Amino acid sequence: MTAKPGKTSWAIEEVADTLIPLDPEAEVSRTPYEGVILARAKTSVAEAVRAFKRFEYAFIAFITPVLVRCVNPSPGDVAEAVRLVLRRHPEGPGSVLVRVKLRGRSKRVASEREVREILAALGFSVARRGPRRILVVEGVDDYVGVSFGNTWQCGVKCTLVDLSEVTII
């Protein structure tokens, strides 16, 4: 997740307020990267998405529920995760938005160019705006998450990747 500029502490509170009722042991933490938040909960991804869709957020800019997680990935692991997620979407190929944000060591195992090549090979076209479908690859050091779904407005300038039409892996 990413917070709006200068609002990380408040965004952490918003995330915690959403996840802790689902899982009292949920963890929400700041990363070394400004505005980037990691959250972990024992609840299902689908249940977490439903919870996030119930509220509007003032301090969160982008919520990315992770479909496939790569921990300490080697080159090729992220590409395989992207292929797996894309093949599971019920609408199949078409036009999609792409968001690739890799920070720290995660830059060594994937790139936006590689993600775009995979999209093209599977019959997807990349749009700058327009389609609701979005592929997200977010990395923080030794952790990379991949998500694919429709965008959902969860507040003023807040976007959630809605996985309700995706087969959860």
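Everything quoted here is computed from the prediction, not taken from an experiment.
To the nearest 0.5 Å, atoms SG (Cys158) and CZ (Phe55) are separated by 13.0 Å. With rounding to the nearest 0.5 Å, the separation of CZ in Arg116 from OG in Ser125 is 10.5 Å. Distance check, rounded to the nearest 0.5 Å: NZ of Lys7 to CD of Glu13 gives 14.0 Å. In this structure, Glu14 CD and Glu56 CD are separated by 10.5 Å, a value rounded to the nearest 0.5 Å. Rounding to the nearest 0.5 angstrom, the gap separating the CD1 atom in Ile118 from the CZ atom in Arg83 is 4.5 Å.
Screening residues 24-41 for salt bridge (charged side-chain N to carboxylate O under 4.0 Å, His left out) gives Glu25-Lys42 as the qualifying pairs, with residues at least two apart or on separate chains. Within the structure, every pair that satisfies the salt bridge (charged side-chain N to carboxylate O under 4.0 Å, His left out) test and touches residues 92-106, not counting sequence neighbours, is listed here: Arg99-Glu138, Arg103-Glu138, Arg105-Asp142.
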Next item on the list: Evaluate side-chain contact (heavy atoms from CB on, under 4.5 Å) for Val109 paired with Ser74, printing each intermediate quantity in order.
Entry: CA-CA 6 Å; Val109 294; Ser74 61; 5.6 Å; no

Notebook entry, point to check: Between Val49 and Asp162, is a side-chain contact (heavy atoms from CB on, under 4.5 Å) present by the stated rule, with each step listed?
Noted result: CA-CA 7 Å; Val49 168; Asp162 180 9; 3.7 Å; yes

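Put simply, the side chain of Ile134 does not reach to within 4.5 Å of the side chain of Asn150, judged on heavy atoms. For the pair Val146/Leu135, a side-chain contact is recorded, criterion being any heavy-atom separation below 4.5 Å from C-beta on. A 4.5 Å side-chain heavy-atom check between Leu97 and Arg133 finds every atom pair outside the cut-off. Inter-residue side-chain proximity for Leu119 and Val98 is flagged as met; some heavy-atom pair is nearer than 4.5 Å. Two residues are said to be in side-chain contact when any heavy atoms from C-beta on lie closer than 4.5 Å; Ile37 and Thr2 fail this criterion. No side-chain heavy atom of Arg50 sits under 4.5 Å from any side-chain heavy atom of Lys53. For the pair Val82/Leu84, no side-chain contact is recorded, criterion being any heavy-atom separation below 4.5 Å from C-beta on. In this structure the side chain of Thr151 never reaches within 4.5 angstrom of the side chain of Leu160, judged on heavy atoms.
Screening Thr31, Val15, Thr8, Val28 against Met1 for a side-chain contact (heavy atoms from CB on, under 4.5 Å) leaves a single residue, Val15.
Using a 30° and 60° split on the angle between ring planes, Phe148 and Phe124 fall in the perpendicular class, above 60°.
Here the closest heavy-atom approach between residue Thr18 and residue Pro21 is recorded as O-CD, 3.6 Å. Residues Ala48 and Thr43 share a closest heavy-atom pair of CB-CG2, 4.2 Å. The minimum heavy-atom distance linking Ile12 with Ser29 is given by the pair CD1-C, 4.4 Å. Scanning all heavy atoms of the two residues, the minimum distance from Cys70 to Ala81 falls at SG-CB, 3.9 Å.
Under the 4.5 Å side-chain heavy-atom criterion for Ile, Leu, Val, Met, Phe, Trp and Tyr, Val140 and Val68 are members of distinct hydrophobic clusters. Hydrophobic cluster membership is shared by Leu22 and Trp152, with clusters built from Ile, Leu, Val, Met, Phe, Trp and Tyr side chains linked at under 4.5 angstrom. Linking ILVMFWY side-chain heavy atoms closer than 4.5 Å, directly or via other members, places Val156 and Ile60 in two distinct hydrophobic clusters. There is no path of hydrophobic side-chain contacts, each under 4.5 Å, that joins Val161 to Val36. Linking Ile, Leu, Val, Met, Phe, Trp and Tyr residues whenever their side-chain heavy atoms come within less than 4.5 Å places Val96 and Val115 in a single cluster.
A donor-acceptor pair under 3.5 Å is absent between the side-chain atoms of Ser111 and the main chain of Lys107, judged by distance alone. Remark: side-chain polar atoms of Ser147 are paired, donor with acceptor, to backbone N or O of Pro65 under 3.5 angstrom. A donor-acceptor pair is defined here as one N or O able to donate and one able to accept, closer than 3.5 Å; no such pair exists between the side chain of Asp23 and the backbone of Ile20. Under the 3.5 Å distance criterion, the side-chain polar atoms of Lys4 are matched with a main-chain donor or acceptor of Ala58.
There is a side-chain donor-acceptor pair under 3.5 Å between Tyr33 and Asp141.
By the ring-ring contact (aromatic ring centres under 6.0 Å, His included) test, Phe59 is found to be paired with Trp10, residues two or more places apart in sequence or in another chain being considered.
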